Structure formats: structure tokens, C-alpha cells
Amino acid sequence: MTIKLYNSLTRKKEVFEPIEEGFVGIYVCGPTVYGHSHLGHAKSYVSFDAIIRYFRYAGYRVRYVQNITDVGHLTDDADEGEDKILKQARKERVEPMEIVEFYTRSYFEDMDALNVQRPDISPHAAAHIPEQIQLIEELLASGHAYEKNGSVYFDVSSYPNYGQLSGRKLEELEEGVRINVNTDKDDPVDFALWKKAEPGHIMKWRSPWGEGYPGWHIECSVMSTKYLGEPFDIHGGGLENIFPHHESEIAQCDAAHHHGFAKYWMHNNMVTVNGMKMGKSLGNAISLKQIFSGDHPLLTQAYDPLTVRFFILSSHYRSPIDFTNDALQAAERGLKRLHGTVKLVRDQLAHAAGGDVLPAAAELIETQTAAFTAAMDDDFNTPKAIAALFDFTKGVNTLLNSGTPLSKQTLAAIDAVYRTLGEDVLGLVPDQLTAEIGGDLVDGLVNILIHLRQQARANKDWATADTIRNRLTELGIALEDRPDGTIWKLTR
RNA sequence: GGCGACGUAGCCAAGUGGUAAGGCAGGGGUCUGCAAAACCCUUAUUCACCGGUUCGAAUCCGGUCGUCGCCUCCA
């Protein structure tokens, strides 16, 4: 199969050709861990998770590197900017590394809930200071950087390709730059590689230029190439980081080594909430913990992490996505229908009789698997892939309702589709579809009630039968009378 | 101001030259003691608007209006 992807660098959809046969090296800009993750993080990391899962499904060996930014990311590009970690540490009155640890754990907790597979390597910027210093030294030696008063800056004018990714021209940048009080820079468009630590700045390291700390862009240049080589296959991240962050990452590596940097650049689009840009200052930023608990003024209810994941994947990664309660509730119902069918298949699988795979089922599997992979091959079109999964599900339901029980082999073949496409690729169909509460005990108790209700129904005692069903419904247990017997499922 | 993306049914969302996927919601039906679930049928002569190219355009080109993003911290 041939995978095509949209390369931000060339602004075209291109056939993916790995640098090394059968291997994909991908780096995605990770979070700066100074606060709980929000919907924007979810959009980005769920999108790339599906992309990486699909590469693996397609047979590639993938190395996925995603950094943890724990130093150097300033609240402001100008020199008066504060380090985000440091600022939060002061606010919470703890050590900066406690902030890093706490929010890193929070981040992975949220990503785990969203069924996002962990990166293969999660390098911390602060753990790669020597490598960053080394690259800065190389840039100084090759004339692409200069030192001023203990800080080192990248000389943008020395790298004519600056602007290749963002499509910006240096002259335009000059005009756009605001009045900058920093007089250390030769040119306002130059950016910091290393910053001198002012008195009282506690996150600092020794360097050839005195005590200081690295600039924000340098960490990604260093950590991506350290673990993936130079050049490497794919660099991903959010659209808003194209400039200056990604542009500068390229400049730093390419200026120093002339090997190029990432072959393909992939950028996910942004999140809005009720049609408006989501931002902390706008008061509409929703954290993942809030959306999972429903504890936010803009939310009318809590949403299951898988609902959030499904919602994100139901639009394309390069499209913006607008979070509204209506849209999330529609997603919730849709996913529920998908899960309902999978559960039915698995329930029947448990006590089905043997037999060949039904030809109609085999054909359905083949058709929809082909539609699914064609969609994913085309720049990871998850909405279209999900549509194939729903077409498949409709067909499965028809088979389940046909009146003749499906063989174990048929059901297993159907379930395999849900396990591979539904779970391995999209991460939407977990092994356990409903929370196990009480286990055998609850199962036994509910079955007693189902049995009593069956007796009442046999006696046409509808009042008793309906009372049992209604009271179970109140408890969150739904009964469904199917031709082959009554089944129950949890509704919450 | 510069750069870029987008505008498809009540809502969400695919489709980028060949006559509108899928999901949610709505309507009708089948099944059921009644439900629920599921299935079947149905819901845009039309893709913001105006021109143009073409045998043919939601899809290409030009313009208008609108929304959003980046240019400054943000995934």
C-alpha cells in the first residue's frame, strides 16, 4: 500500500517514501509541562496517534519521539519573557522540577485515558543540555551564531533559507517585528540559542558562555536528530508552531550540518470552542480533566475520553475542529452504536457453534477493509475511514439480524476487523467495552431478575415484567429482548 | 497591514473535474405484549455569492461577502 501525506514544506500531498526502507522516524512537538493538558493537546496527540498507529498497521517499524519541554519555553519571545515552568513554580511555591514531574504525570494520565499510545522516547529538554550546548558551539564555529553578554543568538541573515517552511520573507519579518527593547541582538529577527541567567534565575546550567539556559527552539533540533538521525522522516506539530518554532528548528540543524532536517512536515489544525479560538486568556480553555468530569461552565455534561477521541478523529487532522456540546453528544451516540454492535458480536462469539465463514461476511470484510485503508492511505483521512467502519457495522447488524446464527469463524472474522481497524488503528474499540462492575456477582443477580421477568412475560404478567425492566433501567442496566434471548448492558 | 486556511442538509463531516460518503437529529415502516436495540425507506436538483473555463464544476480560474488561524505565549 502507498501512503500519501500532505507535506507542509512543499504544500503538496506526496507519496511517503521513508529514508530507510520499512522504517519511519517521527518527531512530534510535545507539551510544555506547566499546566494540565487541554483540548488542543488532545487534538494534536490523538491525530498523530492515529497516524502512527496506521504506519504500524501498514507494516512500518516506527520510532516515535515526542519531547517534554521542561525548560526554556518563555512566556514571551522578547527578552523580558519568563520561563513558563519557573513562573508556575513560583505560583505554586514548589521546585520547578516538581512542576515538571506533576504535569508530566498529568499529561500521560490524560493521554492514556484518550487511548493514545506512549511515544517510544519522551526526551526531556533539561536532560539534553550538553547536546544543546554542542550544537550551539557548532553554530558559533560555522558563523551562524554570535555571543553577546553571555547569551548566544542565531544569525538569521546567515541562513538564506530561513522562511522556507512558513513561506515568510525576511523583509516581511523585519516589518512585522515589534519594537524590541533587547539591544543584544544584532537584528530583531534573530532568536536566542542560549540565554544568560539573570540573578535569581534558578534553572540554569554551566556553559562556555557562563551560567544560563537554552532557548526554546534548540531542544527540538537536538532531540529529534539525536534519536532519529539527520535527516529524518517526519516532523509533526501544531499549525501555530510553524513560525517561529519549526522554522528555527530547521535553521539550527541545517545551518550547522547541511544535511537538511525533516523530510516531511505534518501540521494539525486548531481547536475552537463554540466557534471561538480557545485560549486561557479568553476563559474558554477546557482541560481534559474538565471535559472528562464535566466540570466546566461551558459543558452540559461529562464526556467519556473515547467520545472525545472519536470526535477528534471524525474530522480531518488538517481541519479545525469546533467543540460544542451538540457535536460531542452526537459523537457519543455514534460511538455507542458502534460499540453496541461490537459487544453483540463478542457476546455471541462466546457461545457460537463452529462453521465456515459466511461468504457474505467475507465479502463485507474485504470491501470495507479496502475502503478503510484507501481512506487512511490518503493523508490519514480518519473521517472517511470511520465512515467505512460504520458501513461495515451496518452490514454486520444486518447479518446479526438475519435470523440464522453466525458461526464462530464468521463472528471471529468480524471481530478481527474491529480489533485491527477499530482498535489497532483508530484506538476506538477497546477490549473491555463496558466497565466491569461487580463481575460474576452482578451478572448472576441480573440473570436471576431476567429469569423472573421471563416467567412473568410467559404468564403475560406485563406489569411485573415492566417493573423489573424499569427499575433496572433506573439503575443503569438496559435490557434488550432479542430473538435468541434477553441480554443486558450497562448504560453508564 | 502581511501570510494562510476554510465556507457542503437542522447539527457534525467526507468528497478537489463526471453528476452529493458517513454520523447525530427528524419523519415513515419492520421486529416487540409494550419497549429498547437493530434493520429498511425517507430528509441538500444542490455545495456562501457573482462571473468565467469546460461536453460537464461543490471540485479549476477571477472577483465579492463571511468565518477562522498565524504573524506575539499557545497543541
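In what follows, chains carry the letters A, B, and so on, assigned in the order in which the sequence lines appear, proteins first and then strands, with residues in each chain numbered from 1. Just so it is clear, the structure is predicted and the values come from calculations on it, not from any experiment.
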Task: Stepwise salt bridge (charged side-chain N to carboxylate O under 4.0 Å, His left out) test for A:Arg53 and A:Asp49 - done: CA-CA 6 Å; A:Arg53 284 165 176 262; A:Asp49 182 54; 2.8 Å; yes

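Separation of the C1' atoms belonging to B:G66 and B:U72 is 26 Å when rounded to the nearest angstrom. Nucleotides B:C47 and B:A36, compared at atom P, are 38 Å apart to the nearest Å. Rounded to a whole angstrom, the distance from the P atom of B:C60 to that of B:G2 is 24 Å. Atom C1' of B:C34 sits at a distance of 36 Å from the matching atom of B:A21, rounded to the whole Å. For the C1' atom pair drawn from B:U8 and B:G23, the interatomic distance equals 15 Å after rounding to whole Å. Comparing B:G51 with B:C65, their C1' atoms sit 15 Å apart, to the nearest whole Å. Rounded to whole Å, the separation between the C1' atoms of B:C11 and B:G26 comes to 12 Å. Distance check on atom C1': B:C39 versus B:G69 gives 43 Å, rounded to whole Å.
The side chain of A:Asp481 lies closest to B:C34 when the candidates are B:G23, B:A14, B:C34. Checking B:G22, B:A5, B:A14 against the side-chain heavy atoms of A:Asn269 singles out B:A5 as nearest. Distances from the side chain of A:Pro383 to the nucleotides B:G15, B:A36, B:A13 place B:A13 closest. Closest approach to the A:Lys394 side chain among B:A75, B:C39, B:G33 is made by B:C39 (side chain taken as heavy atoms from C-beta onward). For A:Phe243, the listed nucleotide lying nearest its side chain is B:C71; candidates were B:C71, B:A36, B:G33. Among the nucleotides B:G23, B:G33, B:C12, the one closest to any side-chain atom of A:Arg469 is B:G33. Comparing B:A38, B:C11, B:G23 by their nearest atom to the side chain of A:Asp326 picks out B:C11. For A:Ala327, whose side chain is taken as the heavy atoms from C-beta onward, the closest listed nucleotide among B:C34, B:C12, B:C73 is B:C12. Distance from the side chain of A:Thr398 is smallest to B:C39 among B:C39, B:A14, B:C70.
With respect to the salt-bridge test (charged N to carboxylate O, under 4.0 angstrom), the residues A:Asp481 and A:Arg453 qualify. For the pair A:Lys394 and A:Asp391, the salt-bridge criterion is not met [side-chain N within less than 4.0 Å of a carboxylate O]. Ion pairing between a basic and an acidic side chain is recognised when a charged N comes within 4.0 Å of a carboxylate O; A:Arg346 and A:Asp415 show such pairing. A salt bridge links A:Glu480 and A:Lys489; the closest N-O separation between the charged side-chain nitrogens and carboxylate oxygens is under 4.0 Å.
Taking the six-membered ring for Trp and thresholds of 30 and 60 degrees, A:Phe191 and A:Phe154 have nearly parallel ring planes, at less than 30 degrees apart. The aromatic rings of A:Phe261 and A:Trp265 lie tilted to each other, with the angle between the two planes from 30° to 60°. In this pair, A:His201 and A:Tyr213 present their aromatic rings parallel. The plane angle is below 30°, not in the 30 to 60° band. The aromatic rings of A:His246 and A:His267 are tilted relative to each other, their planes meeting at an angle between 30° and 60°.
Per the geometry, CG belonging to A:Leu344 stands 13 Å off C1' belonging to B:A36, to the nearest Å. Rounded to an integer number of Å, the gap from A:Trp488 CH2 to B:A35 C1' is 20 Å. A:Leu328 places its CG atom 17 Å from the P atom of B:C11, with the value rounded to the nearest Å. Look at CG on A:Leu399: it is 11 Å from P on B:C40, rounded to the nearest Å. Between A:Asn381 atom CG and B:G22 atom P there is a gap of 14 Å when expressed in whole angstrom units. Distance CD1 (A:Ile51) to P (B:A75): 18 Å, rounded to an integer number of Å. Following rounding to the nearest Å, A:Phe390 (CZ) and B:C39 (C1') show an atom-to-atom distance of 15 Å. Between A:Lys336 atom NZ and B:C24 atom P there is a gap of 12 Å when expressed in whole angstrom units.
In this structure, A:Arg457 reaches the bases: a heavy-atom distance under 4.0 Å links it to at least one base atom across the strands shown. Heavy atoms of A:Leu479 sit under 4.0 angstrom from at least one base atom. Residue-level contact check: A:Val271 touches the bases, meaning some heavy atom is under 4.0 Å from a base atom.
In a base pair of the Watson-Crick type (N1 to N3 plus N6-O4 or O6-N4) or a G-U wobble (N1-O2 and O6-N3), with each distance short of 3.5 Å, B:U45 is matched with no nucleotide. Using Watson-Crick or G-U wobble geometry with both donor-acceptor distances under 3.5 Å, B:A9 finds no partner in any strand shown. Across all strands shown, B:G4 is found opposite B:C68 as a Watson-Crick or G-U wobble partner, with both distances under 3.5 Å. Base pairing of B:C73 is not made with any nucleotide, judged by Watson-Crick or G-U wobble geometry with both donor-acceptor distances under 3.5 Å. With both pairing distances under 3.5 Å, B:U30 is matched to B:A38 as a Watson-Crick or G-U wobble pair. Look at B:A58: it lacks any Watson-Crick or wobble partner with both distances under 3.5 angstrom. B:U53 makes up no base pair with any nucleotide shown, lacking Watson-Crick or G-U wobble contacts both under 3.5 Å.
At a cut-off of 3.5 angstrom, counting only N and O atoms as typed in the model, there is a donor on one side and an acceptor on the other between the side-chain of A:Asp466 and the base of B:G33.
In terms of modelled atom types and a separation under 3.5 Å, the side chain of A:Ser166 and the main chain of A:Ile242 share no donor-acceptor contact.
Taking a 6.0 Å sphere around CZ of A:Arg471, one finds it holds 12 or fewer heavy atoms contributed by other residues, nucleotides or ligands.
By the 5.5 angstrom centroid cut-off and the 30-degree plane limit, A:Trp462 is classified as stacked against the base of B:G33.
Applying the 4.0 Å criterion to OP1 and OP2 of B:A14, one finds that A:Ser319 has a side-chain N or O inside that range. A:Asn397 has no side-chain polar atom (N or O) that falls below the 4.0 Å cut-off from OP1 or OP2 of B:A37. Between A:Arg337 and the phosphate of B:C24, there is a side-chain N or O to OP1/OP2 separation shorter than 4.0 Å. Between A:Arg333 and B:A25, a side-chain N or O to OP1/OP2 separation shorter than 4.0 Å is present. Note on A:Lys277: every side-chain N or O is 4.0 Å or more away from OP1 and OP2 of B:U67.
Test A:Arg318, A:Lys13, A:Lys12 against A:Asp379 for salt bridge (charged side-chain N to carboxylate O under 4.0 Å, His left out) and you get one pass: A:Arg318.
Within residues 35-48 of chain A, the residues approaching RNA chain B are A:His38, A:Gly40, A:His41, A:Ser44, A:Tyr45, by heavy-atom distance under 4.0 Å.
Checking A:Pro31 against A:Ala331, the closest nucleotide of RNA chain B that is more toward the 5' end is the one next to A:Ala331. Map A:Ser166 and A:Ile386 each onto its nearest nucleotide of RNA chain B; the residue landing nearer the 5' end is A:Ser166.
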